[in-house]
Visitor: 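Here it is: the structure, laid out below.
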Amino acid sequence: MTSTKRFTAEQALEQLLESDEESGADSFYTDDEVFYQDGEDPFEDCNDNDPSTSSTPATAPQLPPRRRLTQPSTSSTPAPQLPPRRRLSQPSTSSTPAPQLPPRRRLSQPNTSSTPAPQLPPRRRWSQPNTSSTPAPQLPPRRRWSQPNTSSTPAPQLPPRRRWSQPNTSSTPAPQLPPRRRWSQPNTSSTPAPQLPPRRRWSQPNTSSTPAPQLPPRRRWSQPNTSSTPAPQLPPRRETLTRRHSTESVQRPTLSRSRSRSPHHTTHEQHWKTENDPDVAPILPRFAPARPPGVQLDKSKVYSPLDLFQLFFSNNVIRTLCSNTNKQATKRLSEGLQFKWTDVTPTDFLKYLALVIFMGLLKLGSVKSYWRQKNIFSVPFPKKVMPRDRWLSISSNVHMSDPAEDVVNDSKKGTSDHDPLFRLKPLMTEIMAACKSFYQPQKNLAIDERMVATKAKTGMTQYIKDKPTKWGFKLFVLADSSGYTSSFTVYTGKAKFPTGFGLSYDAVVGLLDKPHLGSGYHIYCDNFYTSPQLFRHLSSLHFRACGTYRQGRKDTPKSTVNALSKKSQRGTIRWIRDDDLLFVKWMDTREVSICSTIHQAYTSETVTRRQKKADGTWEKVRIPVPTPVVEYNKHMGGVDLSDQLIQYTSAHHKANRWYKTMFLHFVDIATCNSYILHKELCKEQNTIPLTHRDFMEELCAQLAGVTTEDADRTTHHTPLPIAPLDPANPAHKPADVRKYCEQCKASKVYNKTPWQCGACQVPLCNFLERPCFALWHA
């Protein structure tokens with residue numbers, strides 16, 4: 001029956017094709033289907049049960065060969081002529097006019113058409129009442145399944161749902177299915193299972209009685225056909241044409257692929273390269289500083305330590321500090337505090353600073369210990385410069401801002417207008433301006449944090465566990481390789497960052513003052529600041545950067561192809577370049593990751609390391625090291641060198657106000673930068689500079705108005721009589737006044753003497769048999 005239907009359909013198809021050729025019917029067909037536009041059914045006259053038709057042999061119809069649209073037509077039947085396709089922007093040359101569509105208008109434009117727009121009822125919310133004349137349809141109230149049905153229409157009764165494990169209580173018996181069995185169980189059914197031939201692999205020989213069909217060998221399309229059977233001829237491939245009307249030709253918008261929002265161009269397909277792969281160094285911008293690098297002073301003039309210090313604490317700064325300090329003392333006295341006060345003059349304030357620096361040079365247990373008397377650890381210099389109570393009163397009232405303006409700023413707490421650094425701004429602004437004015441940094445700059453030790457209960461106090469000073473104020477510092485502090489900012493806590501890219505990004509951008517610096521500088525920073533986004537921004541400003549980076553930082557390479565592992569040998573180098581960005585990983589005692597826009601990956605540098613041999617002894621070996629690592633170690637220590645110089649002679653001591661701690665740090669910055677200026681000037685003048693301690697001692701003596709030699713002369717001791725002669729009456733002899741000798745008391749011998757030390761005011765024997773004066777001062 002199946003073969004009869006197939007031959008009957010083929011005969012009908014042949015008959016219809018012949019009739020179309022004679023009558024010229026308008027028809028078209030594809031490879032597998034025939035479509036008639038007259039609505040005729042090609043199988044209308046077919047009789048599946050006619051035995052005459054089933055016995056007649058039939059052959060498959062011969063179809064014309066398939067051809068492409070670009071090949072010429074060799075058929076006798078001409079191809080239908082379609083009108084030429086035109087663009088919407090070309091004028092219509094057809095005799096049939098294109099339909100005129102009304103111009104498209106926006107909803108916000110008025111309707112100028114003659115046909116009025118349909119009036120739609122106003123849209124309303126479900127919560128608003130219905131004011132329309134047409135009543136809203138009444139829907140039955142929605143109810144839950146757990147509520148009873150109060151409707152007049154009974155709910156349909158569904159049979160109860162049951163589990164397969166429960167018995168069937170319905171009147172309709174469940175269909176009986178044969179039991180399911182596994183293939184490994186024997187067949188117990190009355191119907192025998194069909195016998196299938198055993199499954200064999202292609203590699204096993206065929207042992208069946210039925211020979212396997214012989215297939216021709218598989219060949220490629222590019223090989224010639226050597227078979228006796230010719231390959232079937234397929235008609236040429238053509239594209240399907242569809243009829244388009246002029247009214248339906250609407251130009252669709254071209255969809256473009258959206259670009260990534262991330263500026264990073266590194267893909268996961270990049271793999272890590274080794275030191276043997278060549279790398280091309282980026283083109284660096286020209287180093288063009290705003291001023292010649294170095295000291296911006298008259299290099300032919302000799303500057304004393306006091307002259308260099310007064311570049312930062314100028315006369316105007318000292319007068320402002322004296323004025324604000326006097327105002328603060330007056331305010332405290334008006335509040336009822338009791339202490340002796342005399343207005344501070346610039347000379348007094350310089351002496352106060354001299355003792356502050358002296359305390360940094362000579363460390364004692366407490367401030368009052370510097371004025372301690374009658375002790376073998378007594379220090380004579382502080383009491384000759386200023387009395388103890390006077391120094392303590394100045395220290396307790398020293399103030400950098402106007403106290404009246406402090407009250408106004410404190411009233412703005414909790415608002416955006418409040419400035420937490422208001423008490424520091426007058427002096428901090430002057431110090432920062434002086435740091436930028438008198439020195440132009442060298443080409444290589446470093447950015448790092450600095451901690452000023454304090455545990456004051458303020459919102460600005462930070463805790464960093466990896467720093468030597470864990471508690472304190474955090475400063476972001478810009479310094480060059482000599483240790484000179486070029487700029488700094490004080491971290492005030494979490495706030496809205498101006499750029500929106502985070503604290504580290506804003507800290508670096510805020511420290512780099514391009515009008516002051518110029519362009520072409522190389523910036524070195526640690527992994528807290530390094531990010532591809534920051535380095536690309538610095539490149540746009542004509543700055544280049546290098547620094548270590550943290551694993552997992554955004555836009556850093558994530559590829560694991562040829563990456564370092566924990567078992568990599570010491571000295572192994574891997575790198576990836578993304579335009580100017582170079583990412584390098586180096587295996588030392590642990591993995592080191594560094595990013596640079598300055599250097600090549602590797603230029604044959606090596607470093608010495610100690611390696612343990614098999615016999616337990618150590619040997620020195622040379623291992624390769626990336627170029628960015630070498631340059632980073634050379635230029636990153638600018639801020640650390642500045643911290644080291646400050647720490648040697650720091651004026652920091654305990655204070656009862658947080659802003660006084662910052663005042664002492666500003667003094668340290670001024671003294672450290674003054675010493676660096678002294679060294680640079682001596683280098684230009686080919687003279688030998690003072691050591692750091694000698695410079696600080698000379699500065700302390702000049703601030704106090706003395707010299708180091710004069711201080712030694714004031715300590716000479718001379719024996720004088722306890723009852724001196726009266727110059728107005730030389731003939732009068734004073735009474736014989738004697739006191740117990742202190743040296744004899746120490747030996748538990750009580751001898752009286754008429755002599756005492758003029759400097760110490762201590763009674764001492766001055767006789768040949770009792771040379772207590774010399775023994776006391778030995």
Visitor: Counting heavy atoms not belonging to Arg590, are there more than 12 under 6.0 Å from its CZ?
Guide: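 No - once you tally the heavy atoms of other residues, nucleotides and ligands closer than 6.0 Å, there are 12 at most.
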Visitor: Any donor and acceptor pair, going by atom type alone, linking the side chain of Ser334 with main-chain N or O of Lys331 inside 3.5 Å?
Guide: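 Between the backbone of Lys331 and the side chain of Ser334 there is a qualifying donor-acceptor contact (under 3.5 Å).
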Visitor: Is Gln685 reaching over with its side chain to a backbone N or O of Lys301, donor-acceptor style, under 3.5 angstrom?
Guide: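 Looks like yes, one N/O pair under 3.5 Å.
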Visitor: Which of parallel (below 30°), tilted (30 to 60°) and perpendicular (above 60°) describes Tyr463 and Trp471?
Guide: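 Tyr463 vs Trp471 ring planes: tilted.
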Visitor: How far does CG of Leu764 sit from CZ of Arg770, to the nearest 0.5 angstrom?
Guide: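 Those atoms lie 11.5 Å apart.
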Visitor: If I take atom NZ from residue Lys363 and atom NE2 from residue His653, how far apart are they, to the nearest 0.5 angstrom?
Guide: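 Answer rounded to 0.5 Å: 10.0 Å.
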Visitor: Any chance the side chains of Thr325 and Asn397 put a donor and an acceptor closer than 3.5 Å?
Guide: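 Judged by distance alone, the side chains do not pair up.
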Visitor: Less than 3.5 Å apart, any donor N or O on the side chain of Ser482 or Asp480 sitting next to an acceptor on the other?
Guide: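 Yes.
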Visitor: Just by modelled atom types, is the Asn527 backbone N or O under 3.5 Å from a matching donor or acceptor in the Thr548 side chain?
Guide: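 Checking the backbone N and O of Asn527 against the side chain of Thr548, a donor-acceptor pair under 3.5 Å is found.
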Visitor: Below 4.5 Å, heavy atoms only, C-beta onward: do Thr649 and His692 meet side chain to side chain?
Guide: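 Answer yes - side chains close enough.
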Visitor: Is a side-chain N or O of Gln296 found less than 3.5 angstrom from the main chain of Pro292, in a donor-acceptor match?
Guide: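 Judged by distance alone, yes, a pair lies under 3.5 Å.
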Visitor: Please examine the side chains of Leu517 and Leu512, heavy atoms only from C-beta on, and report whether any two atoms are closer than 4.5 Å.
Guide: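 A side-chain contact under 4.5 Å exists here.
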Visitor: Can you confirm whether more than 12 heavy atoms, excluding those of Tyr648, are under 6.0 Å from its OH atom?
Guide: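 No - once you tally the heavy atoms of other residues, nucleotides and ligands closer than 6.0 Å, there are 12 at most.
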Visitor: Given the side-chain rings of Phe663 and His399, with only the six-membered ring counted for Trp, is the space between their centroids under 6.0 Å?
Guide: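 They do not qualify: ring centres at least 6.0 Å apart.
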Visitor: Can you tell me if Gln647 has over 12 outside heavy atoms packed within less than 6.0 Å of its CD?
Guide: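 12 or below, so no.
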Visitor: Evaluate the side-chain proximity of Val367 to Lys654: yes if any heavy-atom separation is below 4.5 Å, no if none is.
Guide: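 Not in contact.
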Visitor: Checking Thr671 against Ser674: is there a side-chain donor and acceptor pair closer than 3.5 Å?
Guide: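 Short answer, no.
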Visitor: Verify, without hydrogens or angle tests, whether Asp448 (side chain) and Phe476 (backbone) share a donor-acceptor contact under 3.5 angstrom.
Guide: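 A pair under 3.5 Å: no.
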Visitor: Got Val379 and Leu364 here, is their nearest side-chain heavy-atom distance under 4.5 Å?
Guide: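 Yes. Closest side-chain heavy atoms under 4.5 Å.
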Visitor: List the steps, then state whether side chain to side chain donor-acceptor pair (under 3.5 Å) holds for Ser393 with Ser396.
Guide: CA-CA 5 Å; Ser393 61; Ser396 62; 5.9 Å; no
Visitor: Answer whether the closest heavy-atom distance between the side chains of Arg388 and Lys368 falls below 4.5 Å.
Guide: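 Yes; the side chains approach each other to less than 4.5 Å.
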Visitor: Using a distance-only test with no angle check, is there a side-chain donor-acceptor pair under 3.5 angstrom linking Arg450 and Ser642?
Guide: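 The criterion, which ignores hydrogens and geometry beyond distance, is satisfied for Ser642 and Arg450.
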Visitor: Going by distance alone, is a donor N or O of one side chain under 3.5 Å from an acceptor N or O of the other, for Asn375 and Ser378?
Guide: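 Result is no, nothing qualifies.
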Visitor: For Tyr491 together with Phe473, are the ring centres under 6.0 Å from each other?
Guide: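 Not close enough - the centres of the two rings lie 6.0 Å or further apart.
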Visitor: Aromatic contact between Phe287 and Tyr521, with the criterion being ring centroids under 6.0 Å apart: yes or no?
Guide: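 Yes, close enough.
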Visitor: Would you say the side-chain atoms of Ser323 and Thr320 include a donor-acceptor pair closer than 3.5 Å?
Guide: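 No donor-acceptor contact under 3.5 Å links the two side chains.
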Visitor: Quick one: closest heavy-atom pair of Thr753 and Pro763, and the distance?
Guide: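 Closest pair (atom of Thr753, atom of Pro763, distance): CG2-C, 4.1 Å.
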Visitor: Once side-chain hydrogen bond (donor to acceptor under 3.5 Å, both in side chains) is applied, do any residues pair with Thr687, and if so which ones, sequence neighbours excluded?
Guide: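 Here no residue qualifies.
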Visitor: Start with the C-alpha distance between Asp307 and Ser304, add both sets of side-chain angles, then the distance that settles side chain to side chain donor-acceptor pair (under 3.5 Å), and finish with yes or no.
Guide: CA-CA 5 Å; Asp307 295 335; Ser304 66; 3.0 Å; yes
Visitor: Atom CD1 of Ile357 and atom CG of Leu699: how far apart are they, to the nearest 0.5 Å?
Guide: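 Rounded to the nearest 0.5 Å, the CD1-CG separation comes out at 4.0 Å.
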Visitor: Flag this pair as yes if the NZ/CZ of Lys474 is under 6.0 angstrom from the six-membered ring centre of Phe528 and inside a 45 degree cone about the axis; otherwise no.
Guide: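 Yes, Lys474 and Phe528 form such a contact.
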Visitor: Would you say the side chain of Met400 lies within less than 4.5 Å of the side chain of Arg423, judging by non-hydrogen atoms?
Guide: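 No. Closest side-chain heavy atoms not under 4.5 Å.
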Visitor: Is there a side-chain contact between Ile447 and Tyr524, using heavy atoms and a 4.5 Å cut-off?
Guide: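 Result no, sub-4.5 Å side-chain heavy-atom pair not found.
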Visitor: How would you list, by chain and number, every residue that makes a side-chain hydrogen bond (donor to acceptor under 3.5 Å, both in side chains) with Glu698, sequence neighbours excluded?
Guide: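 Glu698 satisfies side-chain hydrogen bond (donor to acceptor under 3.5 Å, both in side chains) with Gln702 only.
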Visitor: Does Met386 offer a backbone N or O that forms a donor-acceptor pair with the side chain of Trp371 under 3.5 Å?
Guide: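 Confirmed, Trp371 side chain pairs with Met386 backbone.
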Visitor: Distance alone, cut at 3.5 Å: any donor-acceptor contact between the side chains of Glu449 and Tyr529?
Guide: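 A donor-acceptor contact under 3.5 Å links the two side chains.
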Visitor: For the residue pair Trp341 and Phe339, categorise the inter-ring angle as parallel (less than 30°), tilted (30 to 60°) or perpendicular (more than 60°).
Guide: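 Because their plane-to-plane angle is over 60°, the rings of Trp341 and Phe339 count as perpendicular.
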Visitor: Check whether any side-chain heavy atom of Glu631 sits under 4.5 Å from a side-chain heavy atom of Lys634, and report yes or no.
Guide: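 Yes, close enough: below the 4.5 Å cut-off.
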Visitor: Please tell me whether Asp668 and Ser650 have a donor and an acceptor in their side chains that are separated by less than 3.5 angstrom.
Guide: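 Judged by distance alone, the side chains do pair up.
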Visitor: Are there over 12 heavy-atom neighbours, none belonging to Lys739, within less than 6.0 Å of that residue's NZ?
Guide: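 Incorrect, the count does not exceed 12.
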Visitor: How far does CE of Met359 sit from CG of Leu664, to the nearest 0.5 angstrom?
Guide: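 The distance works out to 10.0 Å.
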Visitor: Could you go through Phe381 and Phe358, starting from their C-alpha distance and side-chain angles, then the distance that decides it, and tell me whether this counts as ring-ring contact (aromatic ring centres under 6.0 Å, His included)?
Guide: CA-CA 9 Å; Phe381 178 70; Phe358 180 81; 5.1 Å; yes
Visitor: Atom CD of residue position Glu769 - does it have more than 12 heavy atoms of other residues, nucleotides or ligands inside 6.0 Å?
Guide: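 Yes, because the 6.0 Å sphere around CD of Glu769 holds more than 12 heavy atoms from other groups.
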Visitor: Check whether any side-chain N or O of Ser369 sits under 3.5 Å from a backbone N or O of Gly365 as a donor-acceptor pair, and report yes or no.
Guide: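 Not at all, since once roles are kept as given, no pair shorter than 3.5 Å links the two residues.
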Visitor: Could you give me the CA-CA distance, side-chain angles and deciding distance for Lys340 and Asp389, then say whether salt bridge (Lys or Arg N to Asp or Glu O under 4.0 Å) is met?
Guide: CA-CA 9 Å; Lys340 293 181 181 181; Asp389 293 342; over 6 Å; no
Visitor: With sequence neighbours excluded, what pairs up with His678 under the side chain to side chain contact (heavy atoms under 4.5 Å, CB included) test?
Guide: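 His678 satisfies side chain to side chain contact (heavy atoms under 4.5 Å, CB included) with Leu308, Tyr675, Cys682, Pro689, Leu690, Phe695 only.
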Visitor: Kindly state whether the ring of Tyr352 and the ring of Trp391 have centres lying under 6.0 angstrom apart.
Guide: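 Aromatic pair counts; centres sit under 6.0 Å.
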Visitor: Could you state the interatomic distance from CD (Glu742) to OG (Ser747), rounded to the nearest 0.5 Å?
Guide: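 Going from CD on Glu742 over to OG on Ser747, the span is 11.5 Å.
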Visitor: I'd like to know if the side chain of Thr461 reaches the main chain of Lys457, judged simply by a donor and an acceptor atom lying under 3.5 Å from each other, with no hydrogens or angles considered.
Guide: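 No: the side chain of Thr461 does not pair with the backbone of Lys457.
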Visitor: Do the side chains of Lys412 and Asp419 get close enough for a salt bridge, i.e. N-O under 4.0 angstrom?
Guide: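 Looking at Asp419 together with Lys412, the answer is no, because their closest N to O distance does not fall below 4.0 Å.
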Visitor: Give a yes or no answer on whether the side chain of His777 reaches the backbone of Phe773 with a donor-acceptor pair at less than 3.5 Å.
Guide: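 Yes, because the side chain of His777 sits within donor-acceptor range (under 3.5 Å) of the backbone of Phe773.
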Visitor: What's the separation between atom CG in Leu321 and atom CD1 in Ile394, rounded to the nearest 0.5 Å?
Guide: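 Going from CG on Leu321 over to CD1 on Ile394, the span is 12.0 Å.
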Visitor: If you count the non-hydrogen atoms of other residues, nucleotides and ligands that lie under 6.0 Å from NZ in Lys612, is the total more than 12?
Guide: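 Counting neighbours around NZ of Lys612, 12 or fewer heavy atoms of other residues, nucleotides or ligands fall under 6.0 Å, so no.
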Visitor: Are Lys383 and Gln373 linked by a side-chain donor-acceptor pair shorter than 3.5 Å?
Guide: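 Per modelled atom types, Lys383 and Gln373 side chains form a pair under 3.5 Å.
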Visitor: Can any side-chain N or O of His652 pair as donor or acceptor with the backbone N or O of Ala453 at less than 3.5 Å?
Guide: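 Yes.
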